[in-house]
Peer 1: 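I am attaching a structure below and will ask some questions about it afterwards.
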Amino acid sequence: MTLLGTGDLVRAAGERGHGVGAFNAVLLEQLEAVLAGAEQADAAVVVQVSENAVAYRGALRPLAAAATAAVAATRTPASLHLDHATRTELIHEAVNCGFASVMYDGSRLPWAENVGRTREITAWCHERGVWVEAELGEVGGKDGAHAPGVRTDPGEAARFVEETGVDALAVAVGSSHAMTERRAELDLALVARLREAVPVPLVLHGSSGVPDGTLAAAVTAGIRKVNLSTHLNAVFTGAVRDVLAQRPELVDPRRYLGPAREAMADEVARILGVLGATGSAAAL
Ligand code: G3H
Ligand code: ZN
């Protein structure tokens with residue numbers, strides 16, 4: 001199947017009342033795991049490549065080409081999304097590489113600068129049919145720089161969307177990036193208030209720290225796109241660790257990356273079930 005638009009996936013999920021899983025990949029095996037997990041769940045999925053992943057690889061194009069080819073090789077409806085981009089040039093490159101959507105992350109900027117840059121990037125993307133997510137009220141956690149106590153104000157969020165024209169908004173409601181324990185508490189009442197106030201779909205970042213039941217409740221309260229990465233990395237790495245602990249003599253990477261890919265795919269499928277997305281692929 002060819003790449004779909006993230007907006008189409010999110011819209012279809014909104015009509016059916018479930019969440020869209022958006023999972024990050026750094027390695028080819030992780031791209032394959034995301035798509036295999038979605039296929040297992042018979043659900044659509046957003047494959048995310050972050051600015052940090054691009055920095056690790058040293059270039060966007062190889063990962064973008066691999067992701068596009070991997071999607072084309074499966075039956076899974078999927079879109080390709082650039083995650084947490086702060087550099088305009090990277091956004092331009094991603095769009096030229098065929099990304100269906102981008103997240104411009106100006107959340108660390110002062111209000112006026114965040115609004116100005118987000119508006120400019122959104123206009124540029126919209127001219128090219130690309131869906132834009134932005135962030136207001138930083139979702140804490142990355143590099144230990146921010147506490148999970150940050151909250152997005154519904155009035156400010158509505159104003160931000162109106163002034164920038166973005167298609168989706170990442171909100172701070174209690175989650176925190178890169179948690180390795182699933183014990184975050186979300187402000188579900190705030191999610192509901194944001195849902196009322198904001199005319200575009202809401203995105204939850206830092207979902208790895210959110211327990212299953214709370215993730216499902218967040219979708220019910222109004223979250224539509226669920227970004228999750230660290231938890232899947234933990235499952236992937238855990239599987240590698242287990243295999244190598246049992247068979248320290250192994251040298252062929254397929255022997256440990258293969259089981260890791262399988263474990264991650266199973267977890268992707270399970271999380272898609274938590275979001276209520278199982279069986280939703282047919283709607284696309
Ligand atoms: O944008 C990506 C997500 O916010 C991932 O956060 O690694 O804490 O799940 P996480
Ligand atoms: Zn994030």
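In what follows, residues are counted from 1 in the order of the sequence shown. In each ligand, atom 1 is the first atom listed, and ligand 1 is the first ligand listed. None of these values were measured; they are calculated from a predicted model.
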Peer 1: Where do S101 and T6 land on the side chain to side chain donor-acceptor pair (under 3.5 Å) test, with the steps shown first?
Peer 2: CA-CA 6 Å; S101 58; T6 301; 2.6 Å; yes
Peer 1: For ligand 1, which atoms, with element, lie under 4.0 Å from some heavy atom of S207?
Peer 2: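 Taking each heavy atom of S207 in turn, ligand 1 has 9 (O) under 4.0 Å.
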Peer 1: With the Zn ion (ligand 2) as the point of reference, which N/O/S atom of H205 is the closest?
Peer 2: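 So the atom name we want here is ND1.
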Peer 1: Taking the side chain as everything from C-beta on, heavy atoms only, tell me whether W131 gets closer than 4.5 Å to R11.
Peer 2: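 Not touching, per the 4.5 Å side-chain cut-off.
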Peer 1: Run the numbers for me: atoms of ligand 1, each under 4.0 Å from some heavy atom of L228, listed by number.
Peer 2: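 Those of ligand 1 that fall under 4.0 Å from L228 are 9 (O).
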Peer 1: Please compare A22, S175, S208, A178 and report which has the shortest non-hydrogen distance to atom 9 (O) of ligand 1.
Peer 2: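 Minimum heavy-atom distance to atom 9 (O) of ligand 1 goes to S208.
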Peer 1: What are the atoms of ligand 1, with element, lying closer than 4.0 Å to any heavy atom of T230?
Peer 2: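 Counting atoms of ligand 1 from 1, those under 4.0 Å from T230 are 7 (O), 8 (O), 9 (O), 10 (P).
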Peer 1: By number and element, which atoms of ligand 1 are closer than 4.0 Å to a non-hydrogen atom of H205?
Peer 2: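 Result: 1 (O), 4 (O).
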Peer 1: Could you tell me which atoms of ligand 1, counted from 1 in the order shown, lie closer than 4.0 angstrom to a heavy atom of N24?
Peer 2: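 This gives 2 (C) as the contact atoms.
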Peer 1: Quick check: does any side chain N or O of R61 sit under 3.5 Å from a backbone N or O of C97, one acting as donor and the other as acceptor?
Peer 2: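 No, the answer is negative, given that no donor and acceptor are paired below the 3.5 Å cut-off.
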Peer 1: Answer yes or no: is there an ion pair linking R270 with E267, defined by an N-O contact shorter than 4.0 Å?
Peer 2: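 Between E267 and R270 there is a salt bridge, with a charged N closer than 4.0 Å to a carboxylate O.
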Peer 1: Of all the heavy-atom pairs spanning L215 and R182, show the shortest one and how long it is.
Peer 2: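 Heavy atoms only, the tightest pair is CD1-NH2, 3.8 Å.
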Peer 1: Please find the N/O/S atom of H84 nearest to the Zn ion (ligand 2) and write down its name.
Peer 2: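 For H84, the N/O/S atom sitting closest to the Zn ion (ligand 2) is NE2.
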Peer 1: Out of curiosity, does V226 fall in the hydrophobic cluster containing M103 (side-chain heavy atoms, cut-off under 4.5 Å, transitive links)?
Peer 2: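 They do not share one cluster, since no chain of ILVMFWY contacts under 4.5 Å joins M103 to V226.
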Peer 1: Give the contacting part of H84 toward ligand 1: side chain, backbone, both or neither, where contact means a heavy-atom distance below 4.0 Å.
Peer 2: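 The part of H84 near ligand 1 is the side chain, not the backbone.
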Peer 1: Between side-chain atoms of residues 33-40 and protein atoms elsewhere (two or more places apart, or another chain), which donor-acceptor pairs fall under 3.5 Å?
Peer 2:
| residue | atom | partner | partner atom | Å |
| --- | --- | --- | --- | --- |
| E39 | OE2 | R75 | NH2 | 3.1 |
| Q40 | NE2 | D266 | OD1 | 3.2 |

Peer 1: If I consider every N, O or S atom in H177, which one ends up closest to the Zn ion (ligand 2)? I only need its name.
Peer 2: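 Of all N, O or S atoms in H177, the Zn ion (ligand 2) lies closest to NE2.
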Peer 1: Checking V203 now: which residues fulfil side chain to side chain contact (heavy atoms under 4.5 Å, CB included) with it, not counting sequence neighbours?
Peer 2: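 Per chain and number, V203 pairs via side chain to side chain contact (heavy atoms under 4.5 Å, CB included) with E133, A168, A170, H205, K225, N227.
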Peer 1: For ligand 1, is H231 a contact, meaning one of its heavy atoms is under 4.0 Å away?
Peer 2: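 Under 4.0 Å: no for H231.
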Peer 1: Check ligand 1 against D83 and write out every atom of the ligand that is under 4.0 Å from a heavy-atom position of the residue.
Peer 2: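 Those qualifying, in numeric order: 1 (O), 2 (C).
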